[in-house]
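The analysis underlying the following values was restricted to heavy atoms, covering all of them including side chains, and did not include hydrogens, waters or symmetry mates. Naming: A, B, ... by sequence-line order, numbering from 1 per chain.
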There are 6 protein chains.
Amino acid sequence: MTKRHSSPGGRGLAIYPGSFDPLTRGHLDVVQRTSRIFDSVVVAVAHNPAKKHTFSVAERLGMVEDAVRHIPNAQADTYSGLLVDYIKARKARVLIRGLRVVSDMDYEFQLAAMNRRLWSAVETVFLMPDENYAYLSSSMVKEVARLGASVDEFVTPFVARQLAKKFGA
Amino acid sequence: MTKRHSSPGGRGLAIYPGSFDPLTRGHLDVVQRTSRIFDSVVVAVAHNPAKKHTFSVAERLGMVEDAVRHIPNAQADTYSGLLVDYIKARKARVLIRGLRVVSDMDYEFQLAAMNRRLWSAVETVFLMPDENYAYLSSSMVKEVARLGASVDEFVTPFVARQLAKKFGA
Amino acid sequence: MTKRHSSPGGRGLAIYPGSFDPLTRGHLDVVQRTSRIFDSVVVAVAHNPAKKHTFSVAERLGMVEDAVRHIPNAQADTYSGLLVDYIKARKARVLIRGLRVVSDMDYEFQLAAMNRRLWSAVETVFLMPDENYAYLSSSMVKEVARLGASVDEFVTPFVARQLAKKFGA
Amino acid sequence: MTKRHSSPGGRGLAIYPGSFDPLTRGHLDVVQRTSRIFDSVVVAVAHNPAKKHTFSVAERLGMVEDAVRHIPNAQADTYSGLLVDYIKARKARVLIRGLRVVSDMDYEFQLAAMNRRLWSAVETVFLMPDENYAYLSSSMVKEVARLGASVDEFVTPFVARQLAKKFGA
Amino acid sequence: MTKRHSSPGGRGLAIYPGSFDPLTRGHLDVVQRTSRIFDSVVVAVAHNPAKKHTFSVAERLGMVEDAVRHIPNAQADTYSGLLVDYIKARKARVLIRGLRVVSDMDYEFQLAAMNRRLWSAVETVFLMPDENYAYLSSSMVKEVARLGASVDEFVTPFVARQLAKKFGA
Amino acid sequence: MTKRHSSPGGRGLAIYPGSFDPLTRGHLDVVQRTSRIFDSVVVAVAHNPAKKHTFSVAERLGMVEDAVRHIPNAQADTYSGLLVDYIKARKARVLIRGLRVVSDMDYEFQLAAMNRRLWSAVETVFLMPDENYAYLSSSMVKEVARLGASVDEFVTPFVARQLAKKFGA
């Protein structure tokens, strides 16, 4: 489903999970930062049938794959079920999360605490995206695209085209 | 659709956008504060077909019109599409937001940053409503009205009647 | 509907309201703390037809009843309509809320202020659950259960069985 | 040092500790709320030689005694050393704290967690003062008094006189 | 002490108070935003003998004067005593504050509420500086300068030279 | 000054800076987590003559050295001057910070943004300590020790002895 990474996994592999509905430049900034401090990074698109998404899991994966193509040690993947089970299966233990704003933090701490309870070896690592993306969110990008404004500043060209197609612009 | 303002717009005109579903005394307090420090203020009711509201845009506009009737330099209007496009069309550049509580702030900062990206000339101005309205929200008012309690302390008499009609009290 | 408490109500009676969809060990920790500092505590399950719940009000009440059975001065009940009306009817004036994280607080302050406006005699008392439950929420527990992982650490055995039944595990 | 309370202490006794440098109407509001839901309340002025205060412990105690004179089940006291030791000595287990603003909360949670570690039986109870006092602090009151403005709205007449004397107004 | 403004003051005059110890590019960004939405803005350097500053009030005023020289409707001034008295004396009613981060907000709300109590006509207007300055503070700039690193990105050239002189670089 | 690490530094080396006045079990928890996801970690005790500390830099270094002795890929060091200069000199680029509570975050984001401006290659990585240490701080530990209570739960035995010596217990 995605390009294969040669790394044996384990210590140096970081998993960056999310719904990426769609991937923004803020997400991509986090991928790049991760790729510079870990051996490799997998951007793991969550496949959760219980949640409503604007883009299908295949569309979301496609947008991530397009965006990380130029980052040698990054790849895209999808997962379903419990995140810690996926991390174990990948033989990883590092889970990456971007922290943009203070109100993210309570939720992120809940998630990190829960994942730690489910598997004590998992370690959540929080990175701070560039200030220019501090206030960027997928839902705000979709709202702007839906109203017909340009989102080139906020997403990759490929994602911009997908948004235009989706919202019939 | 609304009473016309004689001001030429521009520098002294402030736009106060929102869904106002319905307008509360907290919103009205922000309108009054704005009317005292800017030449004129337009309370702009968002018409967003993608969002579910309790009241129709016409009902929400009617409630705002009733409430601002006694403020000479305030008027009601509706807008659809991108907020910054509406602000440009009104030849305004000041966007008013009320800040009630800390958790508002992250969202408001996201919104302000996004609007600034979409049009760098727009300036978001945050005002603090009276402490008595610090914890007031449209959704809490509706919940109280739905359960049959008096909301006279939280909304204008006209809005109170509309809520009573809506919730069959 | 619930075991009867002998206390005459009033000063020493504390009401702990919530949707408890389902009750977690964090909720139970708050019940125990309340039972140690007030004469008696009623865990009041909200019956709100306007909200969607995973468990019916009868199921939620059953889970609370099972959990508080071993706390002599605690009982379960349900209420509908305005919370302050229920508190008045129980001749109580103390309303208990657990505070887990900072982002809870704005909402809780809104709720406390609104309840105080509706009945000035009501006093909201905030308790802090054990740190081990600081990041626990009903929705996160349901998400974990839905994905088939064990939730024994987060809920009582009875609730765990109900979750398993509900999610067909 | 303070008027004696006839209550045997224990379950119904709440301790409200602080530096009260000086007592504000916000503090007094918390004392009144506590006095309505617990059998009795002791306002415990901290005597901490390691901290710099504007008023001596005797002056602070005097201001509290004057303010609580009209609340039958409230009294003033001082303590030094570990707060939990004082609470134990008073045969109490309830510790009262007022929560005004979100940024209080992190510090208050630290304090509550630490006190719980030092003595697991202690229970910190958070109350929310009247919205009119939500933004009031002793240091802001002193700053205003130092600059010669009236503080009658923020403190009792006795405290206002003490502030005037201290700042040579 | 400062260049005289010809505006009669009143409605269109905004006061931007602070210690400006020293002025940063974040402060300057707020001045520019204010100058675009109000008729004129006075940057009012607080002279408070009770507080310790790195720069004297004359030095701080000088740095502000240098920075606002190119903004036609901005000027620098100093004030001592109660801020609302100064605002009244200037026949203004608008008080400007920059909001950078969430933890600012609690303090700013306290201050705004206090000022509103002292003079109900004063209106605090919060502006959001450019994201690039969202995390900038005078104290952090001084710390960096004290350690000998360049602060050109954070302050004006004149302020940078003053910092270099002060810290003997 | 510290045991030498054999790692060549660079990619896999993480720097964990702080004043550690004194090191708590919360700090040690962060060191352990870091040691599990990076090749090696240096706990860097800040030597800042402009700040007042309870313990000298030598004492603080000694306490860190004692605590990390059993972690093979961890070592202690001191630094003075600009943190990013130290990180460069160590040929590292990862800076570790523990995030305990929401109010930490604003300050930590300021610091991370400033460090990124000073050297764009530095990457701040935030880790979340065990919930049991979520509310622990050096200053609270010192306050407890100063009042003569046991701090064994919060610090290592060596630090506990140092605190006892310092506060004459």
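- With a 4.5 angstrom heavy-atom cutoff, D:Asn48 touches chain F only via side-chain atoms.
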Which side-chain N or O atoms in residues 121-130 of chain D pair as donor and acceptor under 3.5 Å with protein atoms at least two apart or in another chain?
unit_1, atom_1, unit_2, atom_2, d
D:Glu123, OE1, C:Arg33, NH1, 3.0
D:Glu123, OE2, C:Arg33, NH1, 3.3
D:Glu123, OE2, D:Arg116, NH2, 3.3
D:Asp130, OD1, D:Asn132, N, 2.8
D:Asp130, OD1, D:Asn132, ND2, 3.0

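- Scanning both residues, F:Val141 and D:Met114, for their nearest heavy atoms gives N-CE, 4.3 Å.
- The parts of D:Leu82 that come within reach of chain F are both its backbone and its side chain, each placing non-hydrogen atoms under 4.5 angstrom from that chain.
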Under 3.5 Å, which donor-acceptor pairs link side chains of residues 148-155 of chain F to any protein atom two or more places apart or in another chain?
unit_1, atom_1, unit_2, atom_2, d
F:Ser150, OG, F:Asp152, N, 3.3
F:Glu153, OE2, D:Arg117, NH1, 3.3

